[in-house]
Amino acid sequence: MAKSKSFWLMKSEPSVFSIDDLKSSKNRTTYWEGVRNYQARNFLRDHLKVGDGVLFYHSNEDPVGIAGEAVVVKEGYPDLTAFDPKSTYFDPKSDPRKPTWFRVDVKFVRKCGEVITLKRLREIPALKKMMVVQKGSRLSIQPVTSPEWHAIMKLF
DNA sequence: GCCAACGTTGGC
DNA sequence: GCCAACGTTGGC
């Protein structure tokens with residue numbers, strides 16, 4: 001039996017890669033690469049499945065918050081930037097025969113009318129326990145519960 | 001630009 | 001295996 005759909009929040013600094021960059025990408029799809037954190041890596045490698053919903057989150061920008069929706073279109077496979085000495089994401093310790101880092105492919109679904117700010121998320125009782133609203137929440141790939149996802153879908 | 005919170009590294 | 005020092009993230 002097929003596993004039911006899961007939901008995720010993925011952070012990106014829009015100065016590096018924004019929701020508009022995703023929309024204007026070829027096939028509206030990008031490699032979600034450069035993740036160099038083990039917990040986030042585990043999600044990419046083991047848990048993100050084709051069809052899973054993604055909240056595209058803009059960090060380190062004014063305003064910070066959810067900028068759009070995307071969908072996982074390819075499951076975890078080795079992040080090739082780790083093996084490229086010219087890449088900013090190069091990791092000399094990563095062995096191509098036993099890759100450390102993984103990426104997925106993510107496709108644009110829609111952009112929010114306006115960014116759903118972190119401040120606004122914090123004002124919604126149903127999202128009180130959501131990971132991204134917690135203080136010091138640095139994980140760049142976070143699981144989102146089904147109720148959280150559906151509450152946020154109403155805000156687009 | 002500041003700095004709190006967090007993750008990683010490395011000496012012991 | 002502990003933990004201090006260091007580097008990074010990310011909200012403000």
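By convention in this document, chain letters (A, B, ...) are assigned in the order of the sequence lines, proteins followed by strands, and residues within each chain are numbered from 1. Predicted model only: the values in this text are computed from it and were never measured.
Of all the residues in residues 30-42 of chain A, A:Asn37, A:Tyr38 reach under 4.0 Å from DNA chain B with at least one non-hydrogen atom.
Within the structure, every pair that satisfies the side chain to side chain donor-acceptor pair (under 3.5 Å) test and touches residues 146-156 of chain A, not counting sequence neighbours, is listed here: A:Thr145-A:Glu148, A:Ser146-A:His150.
Evaluation of the salt bridge (charged side-chain N to carboxylate O under 4.0 Å, His left out) rule for A:Asp95 yields A:Arg97 as partners, not counting sequence neighbours. Applying the salt bridge (charged side-chain N to carboxylate O under 4.0 Å, His left out) criterion to A:Glu123, with sequence neighbours excluded, gives A:Lys119.
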Summarise protein proximity over nucleotides 3-11 of chain C in one line of letters, 5' to 3': B for base, S for sugar-phosphate only, - for none, counting protein heavy atoms closer than 4.0 Å.
----BBBBB
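One side chain, A:Asp105 or A:Tyr77, offers a donor N or O that lies under 3.5 Å from an acceptor on the other. Between the side chains of A:Thr81 and A:Arg36, at least one donor N or O sits under 3.5 Å from an acceptor N or O.
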Can you list, pair by pair, the side-chain donor-acceptor contacts under 3.5 Å of residues 126-134 of chain A, counting residues two or more places apart and other chains?
residue: A:Gln134; atom: NE2; partner: A:Lys128; partner atom: O; Å: 2.9
residue: A:Gln134; atom: NE2; partner: A:Met130; partner atom: O; Å: 2.9

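Proximity of a side-chain donor or acceptor of A:Asp79 to a complementary backbone N or O of A:Glu33 within less than 3.5 Å is not detected.
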